[in-house]
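Working notes, beginning with the structure itself.
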Amino acid sequence: MAIVDPARARRAPEPWNDPAAIPYVRIENVVKRFSDFSAVNDISLNIYRGELFALLGGSGSGKTTLLRMLAGFETPSEGRILIDGVDMAGVPPYDRPVNMMFQSYALFPHMNVEQNIAFGLKQDGLPKPQIAERVGAILDMVQMSQFAKRKPHQLSGGQRQRVALARALVKQPKLLLLDEPLAALDKKLREQTQFELMTIQEKVGITFVMVTHDQEEAMTMASRIAVMDRGEIVQVGTPNEIYEYPNSRFVADFIGSVNMYEGRLVEDESDHVVIDSPALGGTVYVDHGVSAAPGANVWLAIRPEKIKVSRTRPAGTHNITRGKVRDIGYLGDVSNYYVTLQSGETMEATLPNLVRLAEPAVLWDEEVWLSWEAENAIVLTS
Amino acid sequence: MLDRRSRLVLTAMAFAFAFLYIPIVSVIVYSFNESRLVTVWSGFSLKWWRELPQNTAMVSAALLSLKIAFVTATVAVVLGTFAGVALARYKRFRGRTLFTGLITAPLVMPEVIMGISLLLLFVMLERLTGWPERGFTTVAIAHVTFTMAYVAVIVQSRLVTFDYALEEAAQDLGARPAKVFFVITLPIIAPALVSGWLLAFTLSLDDLVIAQFVTGPADTTLPILVYSSVRRGVSPEINVLASIIVGIVTIGIIIATLLLQRRERIRRREAWTG
Amino acid sequence: MARPARAYLSGEESRVVGFAEGLHLRLLQFAPYRGTIALGRRVGITGARFVIAIPYVWLLLFFLTPFLIVLAISFATPTEMVPPFSFTAFADGAINLAEAVGKYLFLFSDSLYVSAYLSSLRIAAISTVLTLLIGYPLAYGIARTSDRWRVPLLMLVILPFWTSFLIRIYAWIGILGETGLLNQVLQGIGLLDRPLSLLGTEWAIFFGIVYAYLPFMVLPLYATLEKMDLSLLEAASDLGARPFRAFLTVTLPLSLPGVLAGCMLVFIPAVGEFVIPDLLGGSETLMIGKVLSDEFFLNRDWPLASAVAVTMLVILVLPIVLFQRLRARQAEGEG
C-alpha cells in the first residue's frame, strides 16, 4: 500500500518504507514478566532517527513498561534493546544516552528552574561556563528565561511542562522519552502545546518516543504510531494508515468512532469484494481485496464522516441502506446522527454544520437514506 | 451567632485546655513563692531561682541528660531513617513482618518491660564480654532503641507522599543512586528528619523509667534526680526547674509555629501570584 | 547566549558527597577496592540490604533478644549471688522445671499479683475512656476550626507533651493535695467545708494518666477527623439527617480507626505505668508496673520480676497486635 499522508508530506523521508534504512532504536523480541503477569509480550519494533514515535494504548497495555525499559528503570525478562547500535543490557539509567520527561514532570521541588535544568549537565561534570551557556540557551528556547529563579511550585502547569522538557533536552540525548507529556494540561493548552512540542522536536532533531492514551494527541503529533493492547503491538503505522486502514476491529474501534457490522463474504476478486450483510439489509461492495475465503465471516467498518445522509434515494445499487433518525447530537462544528436501521442496528453519521443556525438537514424520526462510497468501507477479518 | 452544637464543642475545648494548662501555670506561679511550703502563697520572691544554679547535683544531672539526649537523637535519626525508608520502600523482603513488629512495638510497649529486659541484656552482655559498663552508654543504647521507632514512623509517613519519579528523574539525568539519595531524597525529607531529631531528643531527655533500670550508680540523669526529690515531696526548686523547661519548650514551639505559618502564608501568596 | 556562572552551580550539592564520590571513583582504579565492592555485590550487600540490615540488627539485638533473656530468666531460680539468679532449674532436669513453671502458677494463684493485674487493667481502661471523653471534643473542635487557628491550637495540645512528663505529674501533687490548689479553690467558693483528700486515691491516678497521655489520644483522632471529607456531612444533612444524627452515623464511624489507635496508645502503656501510681496513688492502689519494679529493686527477685514482665506482655499482646494492624493499614492508606 503506498499511502501519501498529506499532513506528513513536509517530513518527506519515510525511512520505515526504505528497506536500506538502519533503525536507530531496535526493540527485539522484548518480554517483561512481573511476578504474576507479563506486561510486555514479545514486542519487536524499529524506530528511526528523527521520528516522533507514539506508543498508544489504554491502561494495562504495556506502553509505560516498554518506555521504562527504554529508560532503563525496568530490565527486559527476554529480548534486547539497541540504541544507535549499542545493546542497552546492563546499562543503568544514569549511563544511558536517554532522557525522560515524566508524567508528573518530577521537577525537584528544592531547586529552582535553572538548578533543575543544570542538574543533568552537572552530573556529566561539564565546566561551569558551558553549563550556564547551555542552560541559558534552552531556557530561551522554551521561553522560560524570565522564570529562571522560580521554584517549581511557583509555576503554572504549562510552565512546569516546559521546564521538564528543557531539563530532559538540555543533555542532548540520543532518545527523548515522554510519558503522557500533555496529560496534566487542560484541553486548550494541550492543543497549543502539541504543536510547540513538534516544532521543538524538529528544531533539535532528537528522536522522541512518547507514551499516550490520547489518540488525538498521537494522531496530531506522531510520525508513526504503535497501537498496543495487553502487552502486544496490534498495529504500527502512520496516523493516516492507522485511521483509514486499521488492521483489526480493535484498532478500528480504538481510534476514532466507527460503525461496525458483521457480514459474509460472497464474492472475492482481487480488485473488489461483495459482502452480504443482513444488518445493513443487503449487499455491500468494497473496492479492495481481502485475504479470506468466500463464505467467511467478516466485519465491515465505516467511519461516520464517510456516510452521506439524504431524504431521497441516492443513485446506485450498492452501499445504500435506510433507517429512522433516533437521536441527533449537536456538537457545534458537526452533528452526529444516530439512525436505527431496519435490522434494528444503529448507524452513526457525522455531518458538518456549514451554515449557522440552519435547519438540520434531517429531523428526529425522519426516514432517511444512508450511503457510502465503495472505497470508504473497510473489511476486517480479525 | 453560634449554634448550640458549636457552643458545646467550644465549652468542651475550653475545659480541656484549662485542664491542660492550669497545672503548668500553677507550677510556674509557685516557683516565685517566698515560702518553702509550695502550696501556701506567702509573697513574691526570686530566691528559688537564684538557688537552683547552686545545686551542683542538679546541674550536672541536667548536663548528663542533655549529652545523652544529643547522642540518642543523632543515632536514632540515622537508624530510624533507615528503618523508615525500609518500611516505606521495600514492600517485600524476608522477615518484613517481624521487622514491622519490632519497629512499632516500642511505641506502645510499657516502659517497665523495656527497662527490665534491656537491663537483663546488659547484665548478661557485661558478664560475657565485660561490656558495656552501665551508665551513659547503656542509657543511650536503650534510648536509641525506643526513640528510633518514632523517627521511623515520621520518616515513613513523609515518604508515603514522596514522588518516586523525582529519584528516577535524577537517575535519568545521570546521578548514581547514592548521589540521588544525598542530593534529592535527603533534602526533600529533611524537615521530617529535623522533627524526628527533636522528638527523639525530648523523649530521651524526659525518660525516667528505662533510664532508672539501665543506668549505673555513677550516672544519675535529671529525671532520676527529680524523681527522687519529688518522692520526698514538693519542692520550690523543682518548680523553678519546671518553669525553665516550660519556658524553653514554649519559645521553641512558638518559633516552630511561626515558621510553619509563615511558610504556609508564603505558599498561599505564591499560589495567588504564580 | 552566554551567561556567567551563577551561584546555583555552587549551591545545593554538599561538598562531602562530592568528596566521597570523587574518592570512590578514584579508588575504583585500584583492584582490591573494586574486588571488595564486587564481592559485596555478589553476596548481596547492596544499598537496599544495608538500609534494612542496620536497623534490623539493632532491633534484634536490643529489642528482641532482651525479651528472650527475660523469658529465660523467668524460669531461673533466685539466688543471693550477683547477678541474683541461676539456671539450676535446667541443670537437674524435669523436677526443677516443674518448680520453674510453678512460679507462673504461683503468679496466678497469689491474690497480690492477680489483683495487681486486674486493677492495672481496670485503671488503664477507665483512664482510657476518660481520655477519650476529653480528647474527642478537643480533636473534633481543632479539626473543624478555621485554617488560621488549627496549627496554633494543635501546638497548644502538644506543648505540654514536650515539657517533662515527670513535671506534669508533679504539678498534680501540688493541685490535688489536702492544702492544694483544688481544695483551696473549692473551699474558697464555699463548695466544701472540709478538704477533700484526692491525693493518694485512684482518682488522682486517673487525673495523672489522662493528663500525661492526652496528646497521644488527640493526635490520631485529629488526623482521622481532619482528613474526613466534609461533603459527606453535607450529603448526610441533604438526605435529612439532623446534625447529631449525622455525627453518630457518619463522623463517628469514620473516625473509629483514630479512636482505636488513640485508645491503644493510651491503654497499653498505662497498664504498665508505675511513676503515676507511685507519685499520685496511695499505698493501697496496686499496679503491676509498681509490683514489678518492687520485686526487682527491693526484693531483688529477678526471676519473679521477669515472670511478671512476661505475663504482662502476654496480656498486652492482643492490643499491641491490634495497634500494629491499625498503624499498618493507616500507613498503607496514606499512599
Side-chain angles (χ1 to χ4, degrees), chain A residues 35 64 67-68 70-74 91-111 113 115-126 147 150-160 163-164 166-171 173 175-180, chain B residues 81 85 88-97 154-155 157-196 259-274:
Chain A
S35 56
T64 302
L67 195 78
R68 290 173 61 81
L70 285 169
F73 298 129
E74 310 280 357
V91 182
Y94 43 85
D95 286 337
R96 291 196 181 202
V98 173
N99 286 124
M100 179 145 157
M101 194 182 124
F102 288 78
Q103 183 173 6
S104 62
Y105 305 144
L107 298 178
F108 307 129
H110 56 305
M111 301 183 190
V113 168
Q115 288 164 334
N116 261 285
I117 296 175
F119 185 87
L121 299 174
K122 275 204 273 179
Q123 306 312 312
D124 291 350
L126 252 64
F147 302 111
R150 293 241 181 137
K151 289 273 182 79
H153 66 92
Q154 296 167 286
L155 302 175
S156 71
Q159 291 169 335
R160 277 181 220 175
V163 177
R167 189 178 71 176
L169 275 177
V170 76
K171 289 194 78 175
L175 187 62
L176 186 85
L177 308 173
L178 304 102
D179 187 2
E180 304 274 5
Chain B
T81 304
V85 169
R89 210 160 274 199
Y90 306 115
K91 294 293 172 202
R92 278 179 207 172
F93 58 86
R94 231 177 302 155
R96 188 177 191 272
T97 319
I154 292 175
V155 170
S157 58
R158 175 63 191 89
L159 283 175
V160 167
T161 54
F162 186 85
D163 181 8
Y164 292 120
L166 291 174
E167 288 182 347
E168 289 187 340
Q171 272 205 39
D172 187 66
L173 293 167
R176 288 160 176 284
K179 188 161 193 179
V180 173
F181 180 76
F182 285 109
V183 181
I184 304 297
T185 318
L186 211 54
I188 295 176
I189 65 170
L193 300 190
V194 171
S195 47
L259 284 179
L260 260 178
Q261 280 195 323
R262 205 181 64 137
R263 216 169 53 181
E264 195 66 24
R265 255 204 312 278
I266 288 172
R267 191 169 304 158
R268 219 170 287 161
R269 199 170 51 220
E270 280 167 351
W272 270 109
T273 55

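Owing to the predicted nature of the structure, the values given are computational and were not obtained by experimental measurement. Letters go in sequence order (proteins before strands), and every chain restarts at 1.
Listed by chain and number, the residues in a side-chain contact (heavy atoms from CB on, under 4.5 Å) with A:Arg96 are A:Met88, A:Val91, A:Val98 (sequence neighbours excluded). A:Phe102 meets the ring pair (Phe, Tyr, Trp, His ring centres under 6.0 Å) test with no other residue; sequence neighbours excluded.
The two residues B:Pro187 and A:His110 make their nearest non-hydrogen contact at CB-CD2, 3.5 Å. Residue B:Glu168 comes nearest to A:Phe73 through the heavy atom pair O-CZ, 3.2 Å, listed as atom of the first residue, atom of the second, then distance. The shortest heavy-atom contact between B:Asp163 and A:Ala106 is OD2-CA, 4.5 Å.
Expressed to the nearest 0.5 Å, how far CD of B:Gln171 lies from CE of A:Met100 amounts to 12.0 Å. The distance from the CG atom of B:Leu173 to the CD atom of A:Gln123 is 7.5 Å, given to the nearest 0.5 Å.
Within the 4.5 angstrom heavy-atom criterion, no atom of A:Leu177 approaches chain B. Of the two parts of A:Arg68, only the side chain, counted from C-beta on, holds a non-hydrogen atom closer than 4.5 Å to a non-hydrogen atom of chain B. With a 4.5 Å cut-off on non-hydrogen atoms, A:Asn99 touches chain B through its backbone and its side chain both. For B:Ile184, the parts lying near chain A are the backbone and the side chain together; criterion is any non-hydrogen pair under 4.5 Å. Within the 4.5 angstrom heavy-atom criterion, atoms from both the backbone and the side chain of B:Ala170 approach chain A.
Under the 4.5 Å side-chain criterion, counting only non-hydrogen atoms from C-beta, B:Leu166 is in contact with A:Pro109. The shortest distance between side-chain heavy atoms of A:Tyr94 and B:Asp172 does not fall below 4.5 Å. B:Arg176 places none of its side-chain heavy atoms less than 4.5 Å from the side chain of A:Pro93.
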inquiry  = Run A:Lys122 and B:Val183 through side chain to side chain contact (heavy atoms under 4.5 Å, CB included) and show every step you take.
reply    = CA-CA 12 Å; A:Lys122 275 204 273 179; B:Val183 181; over 6 Å; no
